[in-house]
Amino acid sequence: MTPGTGGIRRARPASRRRLAQASSILHREFYGRPTLMVARDLMGARLVRISNGRRLAGLITETEAYIGENDLGCHATAGRTKRTEVMYGPPGHAYVYFTYGNHWMLNVVTEREDFPAAVLIRAIQPVDGVLIIARRRNHRDTHGPGKLTQALGITSLENGVDLTNSKSNLWIEFGWRVADSAVTRGPRVGLNTVPEPWKSKPWRFLIEGWSLETAD
DNA sequence: AGCACGATTAACT
DNA sequence: GTTAATCGTGCTC
């Protein structure tokens with residue numbers, strides 16, 4: 001902006017520090033635990049995305065656990081491939097994959113290195129940048145794994161990024177503590193051709209009162 | 001090199 | 001309730 005033009009002053013980009021409440025970013029130790037525990041504890045956590053210098057965030061309201069090569073619903077049942085490689089890496093990284101020819105899915109890698117497991121983030125409730133999110137979603141909701149990635153602008157570019165610091169423009173912070181009485185469990189969604197017992201494992205978690213339109 | 005399918009969504013009837 | 005959209009991945013040939 002040249003002086004004296006009387007133009008509109010563009011807001012100074014917010015500092016990284018302001019965008020990230022640094023102390024509240026979930027550490028690698030949070031992710032390096034049993035996957036079901038991580039999936040449960042992500043209820044109410046804040047998923048944060050920096051997009052064009054703007055902070056977008058939503059409270060996580062629904063997750064699913066995918067645990068190891070023996071879990072026939074988990075991509076890692078195919079073994080260590082180019083696609084599943086991230087799941088074999090250290091916890092706290094993003095595993096992003098594409099499905100149905102249209103949609104990106106965001107997972108967080110859990111457990112110890114070399115044990116392939118992850119938690120699929122299935123729904124968020126927007127809390128920061130809600131106008132931007134609403135516009136990206138054409139004013140439709142963000143309850144659905146493909147919907148929230150669209151809302152936050154998450155694609156294969158985010159596959160493998162470290163979620164435990166603010167450098168990647170994608171991370172998760174402590175959010176609301178959700179009581180056990182408010183957490184519902186059920187079978188995972190969309191595993192139509194997956195055999196039992198994996199198909200019916202109650203490894204889906206959701207906050208009661210949210211995402212109910214997709215509850216079983 | 002070709003093929004079947006999918007951790008889904010939106011727009012239909 | 002039904003279905004098209006749309007393409008990366010892993011498997012088969």
Side-chain angles (χ1 to χ4, degrees), chain A residues 31 34-43 45 47 58 60-89 91 93-111 115-126 133-161 163 170 172 183-207 210-216:
Chain A
Y31 299 103
T35 307
L36 291 175
M37 211 173 280
V38 177
R40 158 65 181 90
D41 290 345
L42 282 175
M43 294 291 99
L47 176 62
I60 296 171
T61 59
E62 181 180 351
T63 61
E64 280 177 2
Y66 291 86
I67 313 173
E69 294 180 348
N70 292 335
D71 174 7
L72 295 185
C74 180
H75 289 166
T77 198
R80 197 163 188 154
T81 67
K82 188 176 178 185
R83 181 204 215 182
T84 60
E85 182 61 31
V86 177
M87 271 199 283
Y88 287 82
H93 290 251
Y95 167 44
V96 181
Y97 70 90
F98 186 80
T99 193
Y100 288 105
N102 291 287
H103 308 290
W104 297 102
M105 305 282 134
L106 171 66
N107 300 252
V108 300
V109 176
T110 58
E111 314 248 2
F115 184 88
V119 172
L120 171 68
I121 311 297
R122 287 190 56 89
I124 60 169
Q125 188 60 26
I133 289 174
R135 194 174 58 203
R136 285 231 183 113
R137 284 288 304 139
N138 292 322
H139 305 280
R140 289 186 286 260
D141 70 73
T142 50
H143 297 163
K147 297 178 182 179
L148 72 92
T149 54
Q150 187 205 10
L152 301 181
I154 294 169
T155 68
S156 62
L157 294 176
E158 280 65 49
N159 189 38
V161 304
L163 300 171
L170 181 64
I172 304 177
V183 177
T184 306
R185 290 182 63 164
R188 294 173 292 180
V189 177
L191 306 188
N192 302 306
T193 66
V194 174
E196 300 291 358
W198 310 107
K199 182 176 178 166
S200 299
K201 293 276 187 191
W203 290 354
R204 178 192 190 203
F205 297 80
L206 48 85
I207 302 178
W210 297 104
S211 307
L212 282 187
E213 68 275 9
T214 55
D216 291 327

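Residue numbers begin at 1 in each chain, while the letters A, B, ... track the order of the sequences.
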**Q.** Gap between atoms CD and C1', on A:Glu64 and B:dT8 respectively (whole Å)
**A.** 12 Å
**Q.** Rounded distance in Å - CG (A:Leu191) to P (B:dC5)
**A.** 16 Å
Q.
Is it the case that the side chain of A:Thr149 and the backbone of A:Gly146 share a donor-acceptor pair, with hydrogens and angles ignored and the cut-off at 3.5 Å?
A. yes
Q.
What I'd like to find out is whether the side chain of A:Gln150 reaches to under 4.5 Å of the side chain of A:Arg137, using heavy atoms alone.
A. yes
Q. Any side-chain heavy-atom pair from A:Leu152 and A:Leu106 closer than 4.5 angstrom?
A. no
Q | Interatomic distance where CG belongs to A:Asn102 and C1' belongs to B:dC5 [whole Å] | A | 14 Å
Q: Mark yes or no for whether A:Thr63, through its side chain, and A:Ala39, through its backbone, hold a donor-acceptor pair below 3.5 Å.
A: yes
Q.
Within the 4.0 Å heavy-atom criterion, would you say A:Asn107 contacts the bases, only the backbone, or no part of the nucleic acid?
A. base
(Q) So, OP1 or OP2 of B:dG6: does either fall under 4.0 Å of a side-chain N or O from A:Thr193? (A) yes
(Q) Is there a side-chain contact between A:Trp198 and A:Trp203 in this structure, where contact means two heavy atoms from C-beta onward sitting under 4.5 Å apart? (A) yes
(Q) Wobble G-U and Watson-Crick pairs count when both distances are under 3.5 Å; given that, what is the 5' to 3' dot-bracket string of DNA chain B, with | for pairing to other strands? (A) ||||||.|||||.
**Q.** Donor-acceptor contact present, side-chain A:Arg188 to main-chain A:Lys201, <3.5 Å
**A.** no
(Q) Near DNA chain B, counting only heavy atoms under 4.0 Å, which residues of residues 70-81 of chain A show up? (A) A:Gly73, A:His75
Q. Between A:Tyr31 and A:Val109, is any pair of side-chain heavy atoms under 4.5 Å apart?
A. no
Q. With distance as the sole test, does A:Arg204 use its side chain to make a donor-acceptor pair with the main-chain N or O of A:Glu62 at under 3.5 Å?
A. no
Q: Only counting residues at least two apart or in another chain, list the ones meeting side-chain contact (heavy atoms from CB on, under 4.5 Å) with A:Asn159.
A: A:Val86, A:Tyr95, A:Val96
(Q) Output the rounded distance in Å from OH (A:Tyr95) to C1' (B:dA7). (A) 9 Å
Q.
When you measure from the side chain of A:Gln125 to the backbone of A:Thr61, do you find a donor-acceptor pair of N or O atoms at a distance under 3.5 Å?
A. no
**Q.** Stacking check A:Tyr97 vs B:dA7 (5.5 Å / 30 deg)
**A.** no
Q. Does any pair with a residue in residues 98-107 of chain A pass side chain to side chain donor-acceptor pair (under 3.5 Å), and if so which ones, sequence neighbours excluded?
A. none
**Q.** Distance, rounded to the nearest Å, where A:Tyr100 contributes OH and B:dG6 contributes P
**A.** 6 Å
Q: Find the distance A:Phe98:CZ to B:dG6:P and express it as a whole number of Å.
A: 15 Å
Q.
Please report the interatomic distance CZ(A:Phe205) to CZ(A:Arg122), rounded to the nearest 0.5 Å.
A. 13.5 Å
**Q.** Length of the CG-P vector between A:Asn192 and B:dT9, whole Å
**A.** 13 Å
(Q) Less than 4.5 Å apart, side chain to side chain, heavy atoms only: is that true for A:Leu170 and A:Leu163? (A) yes
Q. If we only count heavy atoms from C-beta on, is the A:Thr84 to A:Pro116 side-chain gap below 4.5 Å?
A. no
Using a cut-off of under 3.5 Å, enumerate the N/O to N/O pairs linking the protein to nucleotides 10-13 of chain B.
residue, atom, partner, partner atom, Å
B:dA10, OP1, A:Arg137, NH1, 2.8
B:dA10, OP1, A:Arg137, NH2, 3.0

**Q.** Rounded distance (Å) that lies between atom C1' of B:dG6 and atom CZ of A:Arg188
**A.** 15 Å
Q | Start and end of the DNA chain C segment that chain A contacts, any atom under 4.0 Å from a heavy atom | A | C:dA5 to C:dG10
